[in-house]
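Notes follow the structure.
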Amino acid sequence: MEENKGLKTIRRAATELKLPLWRDNLDEYIGRFAAESWSIQHLMAVMMQDQLEMRAENRRRTLVKRADFPQLKYPGDLLVDELPRDARTALPLLRSLDFIREGRNVVLYGNPGTGKTHLATALGIEACAHGMTVMFTSVPRLITQIREARQDRTLRSLENRFINYDLVICDEFGYVSCDKNAGELLFNHLSLRAGKKSLIITTDLAFNRWGEIIADKVLVAAMVDRITHKALIINMTGESFRMKETKNLLKANSNNN
């Protein structure tokens, strides 16, 4: 009777203290305590460690959800041997996430289909796993958000959120041309993080072609200078993954015939 009362007290306290793992698995913990002759200290250590791990996993999931990745591409999903040479060389440094801690940018440039977005997403998810806040957006979408925020007079709020992320991933720079106004909005917004917080930018265009997207040459020069200062510039030029898959499929079909 006394034992049942004690268990009820522990469960009620665990609920109040927001320790759901303790509440829901109390019988299992007590069973292992008895079966394996644990000390009280060991029992408490196991229960606390389990609760900490569950909270860390919940936080990771929340951070990944808030980052708004278009697809979940995990570091373990990377086909490292298929990445361009520069990416393979830089991968250990990138996965250390030191560039985020140091506030350095990463620019992944090269032709379509070589894994730029996948690599950027994998690094973003890795950052979430380490408790860092991440925002994923495409450059066209970001420009639209800035314009809408200006119109709604909420630009300061948008800027504050943008500054505070540990990492911002700006995908697809160069897919859509920018007029002068859009180019200025983008430059001013990205400059908020300059020298303070990290950006990852993916683009199909080498820097000498950014003028094809933003007509103002002075603005392009300033943007390149600001983004690339102390940045990791990684050449992702190579054969498209999709093209490789198509070739392999055609080859397989040919052999079957």
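Position 1 is the first residue of the sequence, and the numbers go up from there.
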For Arg104, enumerate each residue passing the side chain to side chain donor-acceptor pair (under 3.5 Å) test, keeping only those at least two apart in sequence or located in another chain. none

For a 4.5 angstrom cut-off between non-hydrogen side-chain atoms, does Thr62 reach Lys65? no

Answer whether the closest heavy-atom distance between the side chains of Asp77 and Gln71 falls below 4.5 Å. no

Does the side chain of Ile234 come within less than 4.5 Å of Leu94's, by heavy atoms? yes

Leu72 side chain near Thr121 side chain, heavy-atom distance below 4.5 Å: no

Is there a path from Ile233 to Leu97 through hydrophobic residues (I, L, V, M, F, W, Y) whose side chains come within less than 4.5 Å of each other? no

Measuring only between side-chain heavy atoms, which start at C-beta, is Arg55 closer than 4.5 Å to Leu19? yes

What salt bridge (charged side-chain N to carboxylate O under 4.0 Å, His left out) pairs are there with at least one residue in residues 9-24, not counting sequence neighbours? Arg11-Asp27

Suppose we screen for side-chain contact (heavy atoms from CB on, under 4.5 Å). Which residues come up paired with Phe33, at least two apart in sequence or across chains? Trp38, Ile40, Leu43

For His229, give me all partners under ring pair (Phe, Tyr, Trp, His ring centres under 6.0 Å), at least two apart in sequence or on another chain. none

Evaluate the side-chain proximity of Met48 to Trp22: yes if any heavy-atom separation is below 4.5 Å, no if none is. yes

Within a strict 4.5 Å, meaning less than it, do heavy atoms of the Ile201 and Asn105 side chains meet? no

Please tell me if the side chains of Leu78 and Leu119 come closer than 4.5 Å, counting only heavy atoms from C-beta onward. yes

Determine the minimum heavy-atom distance between Gly124 and Ile169, stating which atoms define it. CA-CD1, 4.0 Å

State whether the side chain of Ser39 and the backbone N or O of His42 hold a donor-acceptor pair below 3.5 Å, judged by distance alone. yes

Minimal heavy-atom distance between Thr114 and Gly238, with the atoms involved, is CG2-O, 3.3 Å

Do Leu108 and Leu199 sit in the same hydrophobic cluster, where Ile, Leu, Val, Met, Phe, Trp and Tyr count as joined when their side-chain heavy atoms come under 4.5 Å apart? no

CD on Glu159 to OG1 on Thr154, rounded to 0.5 Å: 10.0 Å

Pairwise ring pair (Phe, Tyr, Trp, His ring centres under 6.0 Å) hits with a residue in residues 146-170, at least two apart: Phe162-His189

Taking all non-hydrogen atoms of both residues into account, name the closest pair between Glu126 and Pro75 and its distance. OE1-CG, 3.0 Å

Looking at OG1 of Thr203 and CD1 of Ile213, how far apart are the two atoms once the value is rounded to the nearest 0.5 Å? 7.5 Å

Tell me, yes or no, whether the heavy-atom count around Glu36 atom CD, taken from other residues, nucleotides or ligands under 6.0 Å, exceeds 12. yes

Tell me whether Leu205 shares a hydrophobic cluster with Val106, the cluster being built from Ile, Leu, Val, Met, Phe, Trp, Tyr side chains joined at under 4.5 Å. no

Sequence neighbours left out, what passes ring pair (Phe, Tyr, Trp, His ring centres under 6.0 Å) with Tyr109? Give chain and number order. none

Quick one: do Val139 and Leu123 end up in the same hydrophobic cluster if we chain Ile, Leu, Val, Met, Phe, Trp and Tyr together by side-chain heavy atoms under 4.5 Å apart? no

Go through the steps to decide whether Arg161 and Ser157 satisfy the test side-chain hydrogen bond (donor to acceptor under 3.5 Å, both in side chains), and finish with yes or no. CA-CA 6 Å; Arg161 293 198 306 273; Ser157 176; 3.0 Å; yes

Using distance alone, with no hydrogens and no angle criterion, decide if Ser138 and Asp171 have a side-chain donor and acceptor under 3.5 Å apart. no

